[in-house]
Amino acid sequence: MILRQLQTFVQVYETGSMVQCAKQLFISQPAVSQQIKKLETELNADLFFHCKGRIIPTEYGHAFYPYAKRALSELETGQEVLRQKLTAKHLLHVHVFFYSAESAMIRLVSSFCKQNPGIPIRLQKSKPPKQFHTAAFEENALYFADEQWIEGTGLHFYKLYDAQLLCIMQPDCPLASKQCLQPEDLAQEAVYLPRTPNATLRPVFDRLAEQLPREQQRLSDSFCDSIMNISTFGGVCIAPDYLFNASGLTAVPFLSGFRFPVGFAYTGRLTTPMKRFLLAAREHFTSDQEF
């Protein structure tokens with residue numbers, strides 16, 4: 001008994017016609033008759049009989065149908081499970097943590113998928129694990145991060161470029177005409193500061209918090225919240241350049257000498273899709289910098 005025989009039997013049973021069965025299975029009518037005959041021989045039972053040009057199931061055909069139908073359904077389920085597992089094996093996960101550049105990643109992934117439709121990617125916004133070690137990270141996955149963030153974790157790091165800080169503000173802000181800003185230049189503005197900056201940026205924001213009067217400081221849960229507050233209430237915020245998307249705002253470099261490596265962390269070996277994505281990401285970020 002083979003799969004084609006079961007498919008042919010079910011189609012003949014459901015359509016009541018060898019002609020319709022042949023059309024649906026894209027085979028000839030004689031091939032349908034041959035498959036049914038082989039199945040009947042193997043089962044040692046007549047499954048159909050002819051009556052006035054119609055194909056009618058026998059009692060054996062009626063008894064066999066639900067089992068044949070179920071077998072085909074189980075095979076389809078098995079094929080789908082296998083397909084999903086094979087897809088998951090080749091699926092590239094790109095993780096963006098809360099402090100990272102989700103909007104920048106969306107642009108990157110969208111551009112990459114258009115140029116590489118055969119590489120499935122899932123962009124995920126994730127919470128950083130409490131303990132940074134390789135066991136907390138999955139294989140075939142990339143994690144957008146700065147280099148200091150992964151020190152001592154056992155993770156590998158692929159550098160994209162050296163990021164810098166920007167002072168983001170509304171276009172009519174007096175500071176928008178400056179070429180570069182220092183902490184002392186912010187004395188007249190409300191400054192949004194993140195509550196929990198990552199280790200790389202913490203010294204910068206600790207210094208700002210010490211230099212700025214408390215009444216100028218506005219705490220926010222994330223860089224994205226700071227940028228949204230600027231759009232609504234004015235003021236300025238300091239954020240990495242990969243977070244700036246020029247949505248009605250402007251930006252000026254802040255602490256021009258301060259740079260930090262940004263890229264993707266990963267565990268295990270790099271697969272071919274990962275290598276292609278990393279090369280595309282490096283080109284995207286190095287060509288997308290306006291400052």
Side-chain angles (χ1 to χ4, degrees), residues 96-108 144-151 157-264 281-291:
V96 180
F97 297 128
F98 290 146
Y99 73 87
S100 297
E102 185 180 15
S103 59
M105 285 298 105
I106 291 174
R107 295 196 300 272
L108 169 59
F144 189 67
D146 61 69
E147 189 171 25
Q148 184 175 340
W149 178 82
I150 67 162
E151 286 183 357
F157 183 75
Y158 182 91
K159 178 181 172 181
L160 295 178
Y161 74 107
D162 287 319
Q164 67 175 318
L165 291 175
L166 300 178
C167 182
I168 303 174
M169 65 200 76
Q170 292 184 349
D172 59 355
C173 178
L175 299 178
S177 60
K178 301 284 187 178
Q179 295 298 314
C180 183
L181 294 171
Q182 300 295 324
E184 53 269 22
D185 296 319
L186 308 181
Q188 303 302 317
E189 298 291 335
V191 182
Y192 288 91
L193 303 176
R195 295 181 189 277
T196 55
N198 62 41
T200 302
L201 302 180
R202 186 171 293 116
V204 174
F205 288 101
D206 286 347
R207 177 184 169 190
L208 273 175
E210 292 175 359
Q211 291 185 336
L212 294 173
R214 187 171 297 275
E215 58 269 18
Q216 281 184 247
Q217 301 178 29
R218 307 286 189 273
L219 294 180
S220 58
D221 292 331
S222 68
F223 289 120
C224 293
D225 287 343
S226 296
I227 294 172
M228 290 178 61
N229 286 329
I230 292 170
S231 300
T232 305
F233 305 110
V236 302
C237 79
I238 310 301
D241 54 16
Y242 51 74
L243 285 173
F244 180 63
N245 60 12
S247 56
L249 299 174
T250 190
V252 175
F254 183 77
L255 296 177
S256 60
F258 181 77
R259 298 268 181 167
F260 55 100
V262 171
F264 282 101
R282 175 176 286 175
E283 181 180 357
H284 174 85
F285 275 95
T286 53
S287 64
D288 197 37
Q289 299 310 304
E290 300 179 8
F291 302 94

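Note that the numbering runs from 1 along the sequence shown for the chain.
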Once you round to the nearest 0.5 Å, how far does [atom1] of [X] lie from [atom2] of [Y]?
X	Y	atom1	atom2	result
Arg195	Asp225	CZ	CG	9.5 Å
Met228	Phe233	CE	CZ	9.5 Å
Gln170	Leu175	CD	CG	12.0 Å
Cys237	Arg218	SG	CZ	13.5 Å
Leu255	Leu208	CG	CG	7.5 Å
Leu249	Ile168	CG	CD1	7.0 Å

Taking [Y]'s backbone N and O only, do any of them form a donor-acceptor pair with [X]'s side chain (distance below 3.5 Å, no angle check)?
X	Y	value
Arg282	Lys159	yes
Gln217	Ala209	yes
Gln164	Arg259	no
Gln216	Leu186	yes
Thr286	Glu283	yes

Restricting to non-hydrogen atoms, name the atom on [X] and the atom on [Y] that form the minimum distance, rounded to 0.1 Å.
X	Y	result
Met169	Ala176	SD-N, 3.4 Å
Ile238	Phe223	O-CE2, 3.3 Å
Leu212	Pro183	CD2-O, 4.4 Å
Leu166	Phe244	CD1-CB, 3.9 Å
Phe260	Leu165	CE2-CD2, 4.3 Å
Phe264	Leu160	CE1-CD1, 3.7 Å

Mind telling me whether Tyr242 and Phe144 have parallel, tilted or perpendicular rings, with 30° and 60° as the class edges?
perpendicular
Over 12 foreign heavy atoms within 6.0 Å of CD, Glu215
yes
Enclosure of Gln179 CD (heavy-atom neighbours >12, cutoff 6.0 Å)
no
Where do Val191 and Phe205 land on the side chain to side chain contact (heavy atoms under 4.5 Å, CB included) test, with the steps shown first?
CA-CA 11 Å; Val191 182; Phe205 288 101; over 6 Å; no
Please tell me if the side chains of Phe254 and Val236 come closer than 4.5 Å, counting only heavy atoms from C-beta onward.
no
